[in-house]
There are 2 protein chains.
Amino acid sequence: MLSKKSKYAIKALVSLAKHFGEGVPLKISTISEEEKIPRKFLEAILVELRNNGLVHSKMGASGGYSLAKHPEEIVLSHVIRISGGPIAMLPCVSLNFYERCEECVNEEICGLRDVILEVREATIKILSKTSLADLLRREDFLKAKFTS
Amino acid sequence: MLSKKSKYAIKALVSLAKHFGEGVPLKISTISEEEKIPRKFLEAILVELRNNGLVHSKMGASGGYSLAKHPEEIVLSHVIRISGGPIAMLPCVSLNFYERCEECVNEEICGLRDVILEVREATIKILSKTSLADLLRREDFLKAKFTS
DNA sequence: AATTATCCTATTGTTCAGATAGGAAATATA
DNA sequence: TATATTTCCTATCTGAACAATAGGATAATT
């Protein structure tokens, strides 16, 4: 399951992507209201995204946040990892949240692990080719499809 | 993330699959020790699997558990659903644990949901074609690979 | 009858996601 | 330079879900 944190992070970034290149940063409160993300929670999330180089922040009056990269360059797998959500279904196949499986005598010959590895590959393949720009395009496409 | 419950359920079933057709049921304590699953926890899991028709139980002395179906017929997606783990990465794309996404004005035009739907399809495709028998074959294959 | 096992109901513990609080630091603008 | 605005930082709270445990009732074998 994707944590709310990850989901909020993605939604916030999509919000910023919509205003990419306008030169005016977006305030936390604006994003919070538009995307219905709890104010203080969003604050913490954006700081983390900033520490990981995905967004720029500007302090003080008329400050706010803006994307640090082009929307085509920010992919979901990266955002999810940063915002603390493991992608794999088992800790023993996770790259970033690896944990040994106590009950396995030998991890390398675990059939279940082998399958979950396949699932992870398939998942990452999709999430790492989908950028913020892709999400925007998808929304446009869906909007057109459902308003016709 | 797969819950421990789901993981234990799968491991227990694999254990039973190894003895399929022998006519002698396996005791909870035997499975518990072999797979290092907490005794009482496993008890609860097996009852649930029985209630869902995956295993048979026999009470009394020299009782125990056995598979209710052929190992080829029990697939991972089914086991995971029964043991309470959602497969999808977001509640709004889950079949069995569906929950509306409050902050979405219109689910149908959510770009993120659209991507996560793709991930779910890919995941289910793998998990629903992998049976207990497959897991055993994989383990044999891996064993051969790493002991040569 | 004695032993071995599953069955059933209830309870407990523990972790972590999710959210909140309050004030310090920085910047714009008047 | 004063004031309003906004991000930054540290700390804390809460509830729910996961994981595990306890104790005895019920059933079947020997």
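Each chain gets a letter, A, B and so on, in the order the sequences are listed, and its residues count up from 1.
Residues passing the side chain to side chain contact (heavy atoms under 4.5 Å, CB included) test with A/L142, sequence neighbours excluded: A/F146, B/I109, B/D114. Considering only residues two or more places apart in sequence or on other chains, A/E48 meets the salt bridge (Lys or Arg N to Asp or Glu O under 4.0 Å) condition with A/K5. Residues passing the salt bridge (Lys or Arg N to Asp or Glu O under 4.0 Å) test with A/E118 are B/R138, sequence neighbours excluded. For the salt bridge (Lys or Arg N to Asp or Glu O under 4.0 Å) test, residues two or more places apart in sequence or in another chain that qualify with B/K7 are A/E103. In terms of the ring pair (Phe, Tyr, Trp, His ring centres under 6.0 Å) criterion, residue partners of B/F20 (sequence neighbours excluded) are, by chain and number, B/H70. Annotation: salt bridge (Lys or Arg N to Asp or Glu O under 4.0 Å) contacts of B/E102 (sequence neighbours excluded): A/K4.
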Close N or O pairs between protein and nucleotides 11-13 of chain C (under 3.5 Å):
none

Anything under 3.5 Å between a protein N or O and an N or O of nucleotides 12-18 of chain D, put it in a table, one pair a line.
none

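Cluster membership check: B/I80 does not share its hydrophobic cluster with B/L90, using side-chain heavy-atom separations under 4.5 Å among Ile, Leu, Val, Met, Phe, Trp and Tyr. Taken together through direct or relayed side-chain contacts under 4.5 Å among Ile, Leu, Val, Met, Phe, Trp and Tyr, B/L127 and B/V119 form parts of separate hydrophobic clusters.
D/dT7 atom C1' lies 10 Å from atom CG of A/L46, rounded to whole Å. With rounding to whole Å, B/I45 atom CD1 is found 10 Å from D/dA20 atom C1'. Straight-line distance from the CG atom of B/L49 to the P atom of C/dC7: 11 Å, rounded to whole Å. The separation between B/F41 atom CZ and D/dG23 atom C1' is 19 Å, rounded to whole Å. Across the protein-nucleic acid pair, A/K5 atom NZ and C/dA19 atom C1' stand 12 Å apart, rounded to whole Å. With rounding to whole Å, B/R39 atom CZ is found 12 Å from D/dT21 atom P. A/E99 has its CD atom 12 Å from the C1' atom of C/dT15, to the nearest Å. Rounded to whole Å, the distance from CG on B/L42 to C1' on D/dA20 is 12 Å.
Proximity of B/Y8 to the phosphate of D/dA20: a side-chain N or O atom is located under 4.0 Å from OP1 or OP2.
Applying the salt bridge (charged side-chain N to carboxylate O under 4.0 Å, His left out) test to pairs two or more places apart or on separate chains, those with a residue in residues 68-89 of chain B are B/E72-B/R137. Applying the salt bridge (charged side-chain N to carboxylate O under 4.0 Å, His left out) rule to pairs touching residues 26-39 of chain B yields B/R39-B/E43, sequence neighbours excluded.
Taking both residues in full, the closest heavy atoms of B/R113 and B/C92 are given as NE-O, 3.1 Å, listed atom of the first, atom of the second, then distance.
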Protein proximity profile, nucleotides 24-30 of chain D - base contact B, sugar-phosphate-only contact S, no contact -, cut-off 4.0 Å on heavy atoms:
B-BBBB-
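Interface residues of residues 25-33 of chain B facing DNA chain C, ordered by number: B/K27, B/I28; criterion, heavy-atom separation under 4.0 Å.
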